[in-house]
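Below is one structure, written out as structure tokens; the observations come after it.
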Amino acid sequence: MTSAVSLHDVRKDFGSLTALSDVTLEIEDNEFFTLLGPSGCGKTTLLRMIAGFEGATAGTIRLFGDEIEHLPPNKRPVNTVFQNYAIFPHMNVAENIGFSLRMLGWTKLEIQTRVDEMIEMVKLGALVDRKPSQISGGQQQRVALARAMAPRPKVLLLDEPLSALDLKLRQEMRTELKRLQRDTGITFIFVTHDQEEALSMSDRIAVMSDGKVQQIGTPFEIYEHPNNRFIANFIGETNMLPSTIDTVEGLNLVCQLEGGQMLDALANCDNIPGATGVLSLRPERLSITKTEPTGKILKGELGDRVYLGTDTQFIVKLSAELNLKVRMQNSFFQGANYKTGDTVFVTIADGAARFLVD
Amino acid sequence: MAAGTGSGSTVSAIFSPVRLWLLLPSWIVIGFFLLVPVLLMLTYSFLTKEFRGGVIWEFSLASYDQFLFDRGLFGDEAPVVKWTYINIFIRSILQAIGATIFCLLIGFPTAYFIATRPIQSRTIWLFLITVPYWVNLLIRTVSMKFLIRDSGPLNELLLYIGLIDAPLHVINTNFAVQLGLFYSYLPFMVLPIYASVERYNFTFSEVASDLYASKVTILWEVILPVVKPGIIAGSILVFVPSLGAFLAPDLLGGAKTFMIGSLIEDQFKGNAGNWPFGAAASMILLSLVLVVLMFYVRAQNKDQT
């Protein structure tokens with residue numbers, strides 16, 4: 001089966017500035033695909049190229065196997081939900097939602113039926129006659145969604161649609177978007193800089209930085225098996241300990257930390273002994289105790305703590321320059337017994353350490 | 001414009017006791033020098049004329065009667081509507097509409113062009129648009145007359161490049177008047193539209209394009225409705241002074257295109273010297289403008305609800 005959207009060696013230059021290069025992606029039909037990256041990484045540019053607002057400098061963009069490079073936005077069967085919604089201010093909610101259908105030459109009755117359907121779908125019942133200035137940001141968001149989905153696009157592009165909403169609404173809309181995608185079977189391409197959004201909604205994520213795709217994978221793969229330091233750092237929190245490879249056994253390594261300590265680690269590619277890199281340790285895969293446990297441990301002095309509600313994050317000073325973040329769940333852990341300056345032992349969960357070359 | 005519905009209550013309360021005193025000079029100047037002349041005209045229009053200017057303080061409807069009826073409303077015979085002045089009036093309205101449309105057709109693309117330039121060069125373009133207006137209106141109108149006369153530069157150029165065989169007769173036509181009015185009032189059209197287009201969110205155009213609208217449809221169904229307040233404001237700012245203009249019709253239009261502005265001017269300055277009649281014509285003109293403005297205000301209010 002052909003991919004919904006297929007990008008091959010896509011490149012985009014703005015004058016002498018390269019916004020995107022070497023972008024090769026296959027986005028499957030029916031998939032919730034997320035482009036995740038910090039601002040300026042080129043994710044929105046990529047989305048605009050699929051929508052047709054920007055042309056590619058080189059490379060091909062295919063939609064269900066057809067090249068679409070020569071088509072203007074109004075000839076592409078994809079629709080966009082814009083970041084600031086841009087609801088037409090001179091039309092009411094129903095007219096906004098029905099706009100594309102009118103452009104496509106649907107009859108009045110067909111439009112009416114479809115608009116009713118969309119209003120039902122995004123739960124905007126009482127607001128059909130309102131102007132955009134008379135509804136809230138969250139409601140505008142729903143209108144933008146309904147408007148973009150009304151003409152039954154093959155692919156729906158969403159450009160940071162939740163970034164303007166407050167936290168509660170944002171969390172609600174995540175579930176809502178996921179539901180809409182599942183119910184309609186439309187391919188969603190979702191752009192965000194929020195890793196939590198990406199992890200919670202996506203089938204697959206492409207992590208981007210500096211105009212390049214760094215890694216493509218499921219949320220689990222991206223989080224648990226980051227390809228490089230950028231991803232390990234960008235997705236969630238991590239500790240990076242400089243280390244040298246001591247022995248190699250397939251992808252299982254034994255690494256030496258700067259203090260001479262040996263630790264087991266997993267690699268994501270072939271390595272040779274003596275190579276240097278970092279060990280990535282997720283704070284939640286570490287735990288602290290006052291009594292020395294058996295197994296692979298690190299010893300340090302307890303520093304500051306940050307109370308986070310469900311968790312407490314501790315800083316453990318391994319040496320003068322080397323701090324370790326450790327996250328303990330508050331449900332079982334008696335944080336009050338631990339004082340700044342105490343000597344603590346850090347236990348590393350099995351398979352938690354990842355060796356990253358770059 | 002959608003957000004412009006705030007009432008006085010949104011003004012910070014800190015200023016309210018002081019506000020009255022700060023506004024007092026404005027109230028006095030506006031009240032005295034703007035309102036009193038209008039009231040004076042209103043009064044004059046109901047007085048009796050003195051020959052060679054001036055008025056006799058004696059109530060009379062003669063001026064309005066003269067404007068509208070032939071044999072007199074109060075005479076022995078039945079009154080007959082007199083078309084002479086009404087026709088001048090209608091012609092003035094048509095001329096003003098023509099000038100407004102002319103300004104709109106040229107002004108909208110101009111304003112759109114300026115508003116879509118990089119932000120630094122917009123000021124330069126706006127500056128260029130206003131440069132001719134540093135010259136006195138009379139001088140500008142005379143230059144226009146020179147430019148378009150039968151043996152003027154325009155005709156010579158067109159003859160030279162062979163586009164025409166005989167000089168185009170532009171001077172002393174309706175078109176010449178509209179050209180003159182266009183030249184007089186173009187910035188009043190460009191500036192409000194520019195302000196509207198500058199505030200226009202171009203994402204709307206992208207959204208419309210994404211939703212299968214063609215470029216022409218985007219212009220008609222999205223851009224124009226959204227920048228409508230600017231277009232209406234510009235149209236009023238051109239229409240109103242065009243209606244009462246007398247320089248352009250006098251200098252460029254000749255006798256055939258006599259407009260209400262010239263008629264009124266004649267009553268006060270010229271040989272006719274009939275102040276009450278001039279005042280009455282002014283009042284009729286004023287009422288018409290008020291009606292136009294009322295329609296505008298109503299349209300604005302409807303848009304905002």
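The figures that follow rest on heavy atoms only: side chains count, while hydrogens, waters and symmetry mates do not. Within every chain, numbering begins at 1; the chains are lettered A, B, ... in the order of the sequence lines, protein sequences first and strands thereafter.
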Chain A contact via B/Asn201 - side chain, backbone, both or neither, heavy atoms under 4.5 Å: side chain

Heavy-atom pair count under 4.5 Å with chain B, highest-scoring of A/Pro132, A/Pro151, A/Pro153, A/Pro73: A/Pro73

Segment of A/Ile87 engaging chain B (4.5 angstrom heavy-atom cut-off): backbone

B/Tyr200 and B/Phe202 aromatic ring geometry - parallel, tilted or perpendicular at 30°/60° bounds: perpendicular

Chain B contact via A/Arg147 - which portion, at a heavy-atom distance below 4.5 Å: both

Proximity breakdown for B/Ser209 and chain A, heavy-atom pairs closer than 4.5 Å: both

Lys/Arg-Asp/Glu bridge criterion (N-O < 4.0 Å) met for A/Lys43, A/Glu160: yes

Any donor-acceptor pair under 3.5 Å from A/Asn79 side chain to A/Met149 backbone: no

Main-chain N/O of B/Pro118 paired with B/Ser121 side-chain donor or acceptor, under 3.5 Å: yes

Short side-chain to backbone donor-acceptor contact, A/Arg130 and A/Asn92, under 3.5 Å: no

